[in-house]
Amino acid sequence: MSDSKKTAPKPTIKAVRGTRDLLPDQTPLWNHVETTARAVFARYGFGEIRTPIFESTELFARGVGEETDIVSKEMFTWKDGERFDKDALRDWWLRKHSQRLGSWSTIDAPFALTIEVRDRPHEHEIVAFAGEISPALIATLVAFGAPSYVRQKDFDEWLAQDEPRDSSQINDQSRTIKAVKRLVVPTAVPDKGEEWLRDDLVVEFASENFTKSSQSLTLRPESTAGVVRAYIEHKLGETGNLQKLYYIGPQFRRERPQRGRYRQFWQIGAEVIGPQSSGAESPLRDAEVLEMLATLLDELGIRDWKLELNSVGSSEDRVRYNAALRDALQPVKHLMCEDNQRRADTNPLRVLDSKDEADQEIINNLPKIADYLSEDSAAHFEQVLAALEACGVKYHLNPRLVRGLDYYTRTTFEFTVTTGLGTQNAMLGGGRYDGLSEMLGGPRAPGIGFAIGEDRLILTLQAQAEADAAASGETVAAPKLDAYIAPLGITQNPAALALARELRAAGLKVEVGEGSFKIGKSFGFADALARHVILLGEDEAATGTYTVKTFTTGEQVKIPRAELAAKLQN
RNA sequence: GCGGCUAUAGUUCAGUGGCAGAACGCCGCUCUGUGGCAGCGGAUGUCGUGGGUUCGAACCCCACUAGCCGCCCCA
């Protein structure tokens with residue numbers, strides 16, 4: 001015992017910031033939400049689409065918008081397939097020095113090593129000259145001509161600082177060594193001396209790009225862009241039909257985690273998109289989507305949702321409104337808070353979102369988007385409202401509802417709740433995106449969609465359930481298995497498993513105990529897990545009649561094996 | 001990304017410079033074919049991680065990590 005305490009414990013690995021595990025006590029609720037969503041979507045004619053979890057970075061830059069916070073600072077982006085292009089570098093170097101090289105230009109020159117700068121994988125620096133990482137060879141090369149670039153001492157120090165402190169860091173070092181071995185640069189030629197080895201070479205080297213086959217990829221921060229990409233890629237518009245697509249899956253944004261805000265979070269979303277001739281642009285679609293969401297939230301038992309609705313107009317409307325806002329803000333912006341002063345110049349729309357109390361009066365007197373809608377946009381919005389009223393879906397017009405993704409046009413909306421989410425009270429958001437397909441290089445394909453924050457939905461449901469439990473004084477019990485089989489001795493174990501197999505085949509939910517447990521302990525396990533306990537001892541094995549106890553009533557009966565399954569159903 | 005609060009047993013938390021605790025839960029026994037109740041007994045642990053101050057640190061200081069709250073943004 002004391003020995004094992006002396007060995008240094010390995011550092012534990014925990015779920016990374018903003019991610020979490022959903023354990024079996026959580027997943028039933030998640031599955032319930034997803035099952036309900038699928039059922040509702042199916043009734044409205046939606047089919048499921050599954051798009052990749054990572055996409056080309058370019059997709060989000062163009063779709064979501066380069067200037068949005070999501071794209072500019074919250075994406076998990078990396079270079080994939082980037083390899084050091086030794087040939088390209090050699091060609092470059094030989095070309096650069098062809099005159100001086102003369103006949104040398106065809107030979108294999110010794111190489112200089114470069115390493116990736118730590119934590120900045122796309123920057124390289126030269127550390128030593130060598131074909132292999134051997135101190136002897138390095139020493140030789142240093143003597144030969146390397147000193148103008150790197151000193152032996154620097155290289156030694158660099159190696160030393162990478163000495164692993166414990167086993168968990170070995171991989172890190174191996175990676176670095178591997179990087180060193182991989183990145184090989186021709187820079188020196190035997191017998192030509194160090195005249196070749198000048199600092200300007202390093203500078204020039206650093207400014208050249210010697211990577212190949214790299215592409216920038218990004219974990220999806222939202223799914224609409226990917227769905228529209230798929231719509232374009234598979235030419236779904238060519239069918240002429242309206243496409244109604246839904247998805248359920250994780251999204252990734254590198255934000256500071258908070259309650260209801262995670263770096264990996266789940267969205268349930270849907271998109272209605274198609275060529276104009278399919279009716280994709282019809283206000284009926286907007287209303288249908290909103291009515292469907294109201295139905296879904298009702299069926300899930302979300303009690304206090306509120307639909308906030310606005311129209312931000314077409315992209316042309318928005319340009320005009322932005323200009324009007326900018327003009328209106330110019331004379332008063334110096335009275336506003338720092339954030340709003342900045343927004344007044346960079347993104348006037350966002351001023352409308354401001355919660356700064358002192359600025360509210362100014363904001364309320366700013367031009368209203370409604371006054372800048374084109375006739376088409378205004379008529380479209382009116383028809384959406386009319387259809388909602390016909391369906392009896394309550395909404396609140398919020399002229400200050402401005403959404404942060406660039407692709408939104410016309411109808412925008414948000415469903416908020418008051419339970420369980422604190423200030424992150426937006427549980428769901430969406431809107432129309434009539435120009436998105438074109439932005440992604442596709443055909444004209446107006447659309448409307450939404451994304452539900454599943455994590456937030458679940459938090460709300462849990463908060464509601466807690467409030468109910470507190471009000472009624474009752475606690476919700478986890479559903480129990482139908483039976484627990486308690487073998488009374490290890491010799492009964494095989495028979496217990498055989499019985500379990502039989503009952504499970506009959507559709508019962510069954511757990512099997514272990515014959516080495518004492519009977520009291522078995523009862524404890526059984527009561528925690530199941531509604532009935534089946535005792536399996538020598539008597540039962542001999543007679544084929546089993547003792548079954550029902551925990552809720554305390555009743556205990558003997559049941560022949562053939563009748564067990566039927567009796568346990570109740 | 002910014003500001004604030006927090007981190008001690010499986011869980012909820014107490015402990016503000018001097019032997020690391022309570023409750024619940026857990027384990028054992030009373031009790032080897034009837035548990036839950038009861039009685040008795042037991043173990044809970046790198047006090048988030050790493051440094052520093054101190055004779056002495058869970059406690060004071062610094063850094064880091066993570067969570068929560070607010071901002072920002074969004075789902």
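Numbers restart at 1 for each chain; the letters A, B, ... are given by sequence-line order, proteins then strands.
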Does [Y] offer a backbone N or O that forms a donor-acceptor pair with the side chain of [X] under 3.5 Å?
{"X": "D482(A)", "Y": "L508(A)", "answer": "no"}
{"X": "R432(A)", "Y": "T412(A)", "answer": "no"}
{"X": "R254(A)", "Y": "F76(A)", "answer": "no"}
{"X": "K306(A)", "Y": "H396(A)", "answer": "no"}

Please report the distance separating the [atom1] of [N] from the corresponding atom of [M], rounded so that it comes out in whole Å.
{"N": "G33(B)", "M": "A22(B)", "atom1": "P", "result": "36 Å"}
{"N": "C55(B)", "M": "G42(B)", "atom1": "P", "result": "38 Å"}
{"N": "C59(B)", "M": "U8(B)", "atom1": "C1'", "result": "11 Å"}
{"N": "C60(B)", "M": "A14(B)", "atom1": "P", "result": "14 Å"}
{"N": "U53(B)", "M": "C62(B)", "atom1": "P", "result": "15 Å"}
{"N": "C47(B)", "M": "A58(B)", "atom1": "C1'", "result": "5 Å"}
{"N": "U54(B)", "M": "C64(B)", "atom1": "C1'", "result": "23 Å"}
{"N": "C27(B)", "M": "G45(B)", "atom1": "P", "result": "15 Å"}

Of V16(A) and R261(A), the one whose closest RNA chain B nucleotide lies more 5' | V16(A)

Which residue lies toward the 5' end of RNA chain B, R253(A) or P257(A), if each is placed at its nearest nucleotide?
->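 Final value for this comparison: P257(A).
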
Partner nucleotide, any strand, of [N] [Watson-Crick/G-U, under 3.5 Å]:
{"N": "C24(B)", "value": "G10(B)"}
{"N": "G45(B)", "value": "none"}
{"N": "C73(B)", "value": "none"}
{"N": "C5(B)", "value": "G67(B)"}
{"N": "C19(B)", "value": "none"}

Provide, to the nearest angstrom, the distance between the [atom1] atom belonging to [X] and the [atom2] atom belonging to [N].
{"X": "D21(A)", "N": "G67(B)", "atom1": "CG", "atom2": "P", "answer": "12 Å"}
{"X": "K558(A)", "N": "G33(B)", "atom1": "NZ", "atom2": "P", "answer": "14 Å"}
{"X": "K518(A)", "N": "U32(B)", "atom1": "NZ", "atom2": "P", "answer": "6 Å"}
{"X": "L529(A)", "N": "G36(B)", "atom1": "CG", "atom2": "P", "answer": "17 Å"}
{"X": "R259(A)", "N": "C74(B)", "atom1": "CZ", "atom2": "P", "answer": "22 Å"}
{"X": "K73(A)", "N": "C2(B)", "atom1": "NZ", "atom2": "C1'", "answer": "10 Å"}
{"X": "E222(A)", "N": "C73(B)", "atom1": "CD", "atom2": "P", "answer": "18 Å"}
{"X": "E255(A)", "N": "G67(B)", "atom1": "CD", "atom2": "C1'", "answer": "16 Å"}

Checking all strands, does [X] fall into the base, sugar-phosphate, or nothing category for heavy-atom contacts under 4.0 angstrom?
{"X": "T547(A)", "result": "base"}
{"X": "F525(A)", "result": "nothing"}
{"X": "G260(A)", "result": "base"}
{"X": "D539(A)", "result": "base"}
{"X": "E454(A)", "result": "nothing"}
{"X": "G429(A)", "result": "sugar-phosphate"}
{"X": "L535(A)", "result": "base"}
{"X": "G18(A)", "result": "sugar-phosphate"}

Taking only the side-chain heavy atoms of A426(A) (C-beta and beyond), determine which of C74(B), U34(B), G28(B) contains the nearest atom.
->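 Among C74(B), U34(B), G28(B), the one nearest the side chain of A426(A) is C74(B).
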
Would you mind telling me which of U34(B), C72(B), C68(B) lies closest to the side-chain atoms of Y262(A)?
->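 Selected nucleotide: C68(B).
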
Is the phosphate of [N] approached by [X] (side-chain N or O, under 4.0 Å from OP1 or OP2)?
{"X": "R256(A)", "N": "C73(B)", "value": "no"}
{"X": "Q258(A)", "N": "G70(B)", "value": "yes"}
{"X": "K549(A)", "N": "G33(B)", "value": "no"}

Just checking, any donor-acceptor pair under 3.5 angstrom between side chains of E540(A) and T547(A)?
->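 Yes, a side-chain donor-acceptor pair sits under 3.5 Å.
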
Using the benzene-type ring in the case of Trp, are the ring centres of F41(A) and Y246(A) under 6.0 Å apart?
-> yes

No-H, no-angle donor-acceptor pair, E538(A) side chain to G33(B) base, under 3.5 Å |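 Not at all, since no donor on one side and acceptor on the other fall under 3.5 Å apart.
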
Under-4.0 Å salt bridge between K558(A) and D539(A) | no

Is any side-chain heavy atom of R456(A) less than 4.5 Å from a side-chain heavy atom of R261(A)?
-> yes

